[in-house]
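Here the structure is laid out as structure tokens; the discussion comes afterwards.
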Amino acid sequence: MRVRFGAGSVRLLDDEVQRLGLGSVLALSTPGQAQLARDVLAPLGERCAGVHAHARMHVPVEVAETARAEAARLGVDALVAVGGGSAIGLAKAVALTSGLPVLAVPTTYAGSEMTSVWGLTEGTVKRTGRDPAVLPVSVLYDPELTLALPVEVSVTSALNAMAHAVEALYAPDRNPIITLMAQEAIRSLVSALPDVVADPSGIEARATVLYGAWLAGACLGGTTMSLHHKLCHALGGVSALPHAPTHAVVLPHVMAFNLPALPALSRRLENLLGGGDPATDLWELSGLLGAPASLRELGMPHADLEPVVHEVLATPYANPREVTADGVRALLERAWSGAPPADLLRENG
Ligand code: NAD
């Protein structure tokens, strides 16, 4: 994978397309980013065979089928995803069956461009897998493209990135380089996010958050995620909750659950997050940044809690602390109501 990072780097797209010897490409985006995709692809002239602006969150199979048919009809050599995880996810779904290379121009902090993970949703069931064929061959990170990202989306998306970095720090397959990257991701996100909220058009803070998101995405791609990602996956499936806001609400609660089992890591996170209890510090920072605090306000009915507990226990992910039904239930109750994070199982181990 080749990465170009920096303000204006999107103007290197034509260079990348030529370097890769591509004759024509299909651009993919969500409907709201259609004009942005047209602008980004404009320098390619006729080598951009079309802009397919039908990406939707979690890649419904019928959306993937339509995009695959369009890529085949146009006979393109590659896909250019312009947008967040939804646009990149759609490109990956097309790449999975067609083998077409993906170039990614990320405009959120979700990090999908750094991973070989694909996802496809059929009804309410989302399947994911890893395949090197879906890992973008070229990524252009241009903070100028994130200037228009609404503040609320910026905050939740950056907390989504933070979750990749936090879970990489206790991943079963972490290594010292991943650990450095994860710490640097957290440091960058925490230092620059308040500035993005204060002035969303400030390019320096935008660049620092995008840099943190790049690092966090690389952590996601390089390790196995744990309870937090399992919970968010289950919440997305059972209650169709929005991806990034769900991550933002759940992360402090998972930290409160896991960190008592990881005292050395907890101390390192204290230094990165403000000096107090890391879960509480992150929860307070989220509140100051205006992130949602509860699953209830994201629209989750209380009755969905048990199905989520069941799903998390039925097909568990790795986790540094034993995951019990009581533990997940207690954690979810607090996340649902918006209570501050607390390790309710501390006494019970
Ligand atoms: P998204 O791509 O749906 O974007 C969120 C919202 O922001 C959308 O409404 C989009 O139109 C808007 N938006 C994007 N860029 C914008 C811009 N520059 N200006 C204004 N608005 C903009 O959501 P996301 O959070 O980026 O990605 C979530 C999806 O990605 C989920 O389906 C998730 O499962 C997937 N994902 C996959 C991986 C992976 O490794 N496979 C990693 C992270 C996320």
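Numbering of ligands and ligand atoms starts at 1, following listing order. Sequential numbering from 1 along the given sequence is applied to the chain's residues. Predicted model, so just to flag it, every value in this text is computed and none were measured.
Classified by interplanar angle (parallel below 30°, tilted 30° to 60°, perpendicular above 60°), the ring pair His243/His58 is perpendicular.
With hydrogens and angles disregarded, no donor-acceptor distance shorter than 3.5 Å links the side chain of Arg206 to the backbone of Glu144. Judged by distance alone, with hydrogens and angles left aside, the side-chain atoms of Asp277 form a donor-acceptor pair with the main-chain N or O of Thr280 at under 3.5 Å. The backbone N or O of Ser294 sits less than 3.5 Å from a side-chain atom of Glu297, completing a donor-acceptor pair.
Take Ser138 and apply the side-chain contact (heavy atoms from CB on, under 4.5 Å) test, not counting sequence neighbours, and it matches Glu16, Leu20, Leu103.
Within 4.0 Å of ligand 1, contacts by protein heavy atoms are made from Thr30, Gln33, Met57, His58, Gly84, Gly85, Ser86, Lys92, Thr107, Thr108, Ala110, Ser112, Thr115, Val117, Lys126, Leu145, Ala148, Leu149, Pro150, Val153, Leu220, His243.
Looking at Glu184 and Arg187, a side-chain N of the basic residue comes within less than 4.0 Å of a carboxylate O on the acidic one, giving a salt bridge.
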